[in-house]
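Only one structure is covered here, and it is reproduced in the block below.
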Amino acid sequence: MKTNTQQSKFRMKWHYLWRGMGFIQNKVPSLLPAVAFGALLKAFGPFITIYLTARIIDELFGARSVIHLAWLTGAAIVLNMIVYLLQKAMERIKDMGNFRLIYYGHFEMVDLILKTDYENVEKPEFHLKKQKIDEGSTLARRGIWKLPEITGQFIFNLCTVVFSITLAFPLFLTHSMQSSSFINSPWLSIILLGLILTSSIYSVLSNSQFSKWIFHKLDGMMAINRAFSFYGNLMQDHQLGKDIRIYQEQKLIGKAYDDFNRRGMKAFGSDVSKRQSHFWGISAAISSLISGFVYLFVGMKALVGLISIGSVVQYVGAISQFTTGFSELITSATDIWQDIDYVELYFNFLDTPNPKYQGSLPVEKRNDNEYEIEFRNVSFKYPGSETYALKNLSLKLKIGEHFAVVGRNGSGKTTFIKLLTRLYDPQEGEILLNGINIQKYDYIEYLRLFSVVFQDFKLFAFSAGQNVAADVHYDKERAMECLDKAGVGDRIRKMSKGLDTPLYKIDADGVEISGGEAQKIAIARALYKDAPFVILDEPTAALDPVAEFEVYSKFKEIASDKTAIYISHRLSSCRFCDHILVFDQGELIQNGSHDQLIQDINGQYYKLWNAQAQYYREDPRKSRLLG
Ligand code: ADP
């Protein structure tokens, strides 16, 4: 059973390795070939020097032909130069390629976050996945971005091992001429080979243990780092600047930041350097010992005339290249193996299912806006929640009618909008557009039907005009018209660059706007979209009473030929709607016009209305709103 799981884990690792390589090859086709060729050249360089130096020394101790020496020296210079230049060219391609890979790799994630089902965006585990990938890349230096580099190291070490074996191989052959000599005995070669291999294996094992230990440490560091960057970000967030100053929280935050820094240093810093020096110390001692044996063996062979003086350089050089190359080869293979875990995390994130995109039916384009939506016995619970946020809702939204949705906090008003706009799908019942379940429609096309101003709407640090049009290129005249309708046109005209003025202070000439102004711009954005359904979710929370009154009076005009849904706590502003839907604990408990609902003195609407009327009468200016 266990071996089966191990086997499938092994297969999965290969699967993700190939997928990762395929992804890199697809996004940046020049990268992997440059990595492989660059690694080959890098490994080849030292062997040119070792081999040609050996031949030059032989020539110096042998025939001493000037022409030969000139050829050998020339070859060494030219070959080294070619290898060097090619290697530099590969490095340039690699640097550019790695840069592009980081960009494309992140872009894929951002693209997913922007397009994935809204349901995913609201799940903390979705963001944790992304956070783990980010931290893997910054802190543990792992992930799909690292794959080319460590693959390059693997290829380099593999080539080093192959080249060094090729160059060192003749040393271990017995030489026929003096077969009786002890130095020429195959046993000595075998002992030396054994020593080299044992020391390489020791170094491989301790190296991989050390990497595992470091890896484990990094895992522990992630939590510290998360808190560390949280406090670091707090200091940069200008929005929090006010609270920090008023409550003099600098010391509190500074101390927390400092504590985490200390904990991080303690957990990682000194501990790691102690282990590191211990590890490197033992490795260096062993490798010096082996080098001593190699020098002795090779030197003695040269002394008795079994090999040339030049070959001493060749064999000693090749064997020392082999010992480091071999242990590094295993290290880089382990590195790749460990990196695959992060590559898997990356693809798991990209593979987040998006069931909303399964519909393919085009939404019929109708100039008459004859779109009718029906909720049929719809019930919904938020993922992980036991209670119904909406329960058995049945309702028809007839074309051109204006609906107000009222109810106490948490009664399900916003959830109703989220289901209508398919940010969530109901678990029970169905929602129909012109008689067809909305899940059958193409999601993007379905969303085109709605202009929504959410309670917690967001604008971006783009220009005012781009915010209104939600596009880079747009009709300036129409954008201004919408801003005028929303009552914020004059404010935009007065800005230094008008519609082109960037919002918020991220840009040097960006403009900070008030909450009320932002809300009006958000309303203008909804108008610009010109969708057949207009939804305003408590749109006046940030408006002063006069502006609020303006928005309400304009609403009829704004949404004149559209189906409009209006969520508000101000019952006075809902009076003009054709239907008032009263929600309570996720249920639609009343549905009718103001005049109808106010008759039912035991109904919720009557209670809500009276509670507010009392409150408003205390303020003569607001009481005008009651009309
Ligand atoms: P309203 O808009 O009427 O104030 P909502 O529709 O926002 O109410 O919320 C209805 C119920 O669903 C509330 O009990 C609320 O706590 C719960 N709820 C809202 N959003 C979520 C969410 N993302 N996850 C879990 N529960 C939620």
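First listed ligand is number 1; within each ligand, the first listed atom is number 1.
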Under 4.0 Å from a heavy atom of [X]: which atoms of ligand 1 are those, numbered in the order shown and with their elements?
{"X": "N409", "value": "4 (O)"}
{"X": "T415", "value": "5 (P), 6 (O), 9 (O), 10 (C)"}
{"X": "E122", "value": "23 (N)"}
{"X": "R408", "value": "3 (O)"}
{"X": "S411", "value": "1 (P), 3 (O), 8 (O)"}

Any non-hydrogen protein atom below 4.0 Å of atom 9 (O) of ligand 1? yes

Return yes when at least one protein heavy atom is under 4.0 Å from atom 19 (C) of ligand 1, and no when none is.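 It does: a protein heavy atom is found less than 4.0 Å away from atom 19 (C) of ligand 1.
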
Looking only at protein heavy atoms, which one is nearest to atom 1 (P) of ligand 1, and how far off is it? G410 N, 3.5 Å

heavy-atom search around atom 22 (C) of ligand 1 in the protein gives Y382 CD2, 3.4 Å

In this structure, does ligand 1 have an atom that sits under 4.0 Å from one of the heavy atoms of G412? yes

Can you measure from [atom1] ([X]) to [atom2] ([Y]) and round to the nearest 0.5 angstrom?
{"X": "L101", "Y": "I24", "atom1": "CG", "atom2": "CD1", "result": "5.5 Å"}
{"X": "M109", "Y": "K129", "atom1": "CE", "atom2": "NZ", "result": "12.5 Å"}
{"X": "L597", "Y": "W609", "atom1": "CG", "atom2": "CH2", "result": "11.0 Å"}

Before giving the answer on salt bridge (charged side-chain N to carboxylate O under 4.0 Å, His left out), spell out for R19 and E344 the whole-Å C-alpha distance, their side-chain angles and the decisive distance to 0.1 Å. CA-CA 9 Å; R19 193 167 162 196; E344 184 177 346; over 6 Å; no

Report yes if some N/O of S385 lies less than 3.5 Å from some N/O of ligand 1; otherwise report no.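 Among all N and O atoms of S385, none is under 3.5 Å from an N or O of ligand 1.
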
Between D578 and S593, do the side chains contain an N or O donor and an N or O acceptor separated by less than 3.5 Å?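 Per modelled atom types, D578 and S593 side chains form no pair under 3.5 Å.
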
Can you tell which of T387, T414, V406 gets a heavy atom nearest to atom 7 (O) of ligand 1? T414

For R408, does the CZ atom have more than 12 heavy-atom neighbours from other residues, nucleotides or ligands under 6.0 Å away? no

Between K398 and E372, is the salt bridge (charged side-chain N to carboxylate O under 4.0 Å, His left out) condition met? List the steps. CA-CA 5 Å; K398 293 214 185 93; E372 187 174 271; 5.9 Å; no

Counting C-beta onward and ignoring hydrogens, is there a side-chain heavy-atom pair between V406 and I580 closer than 4.5 Å? yes

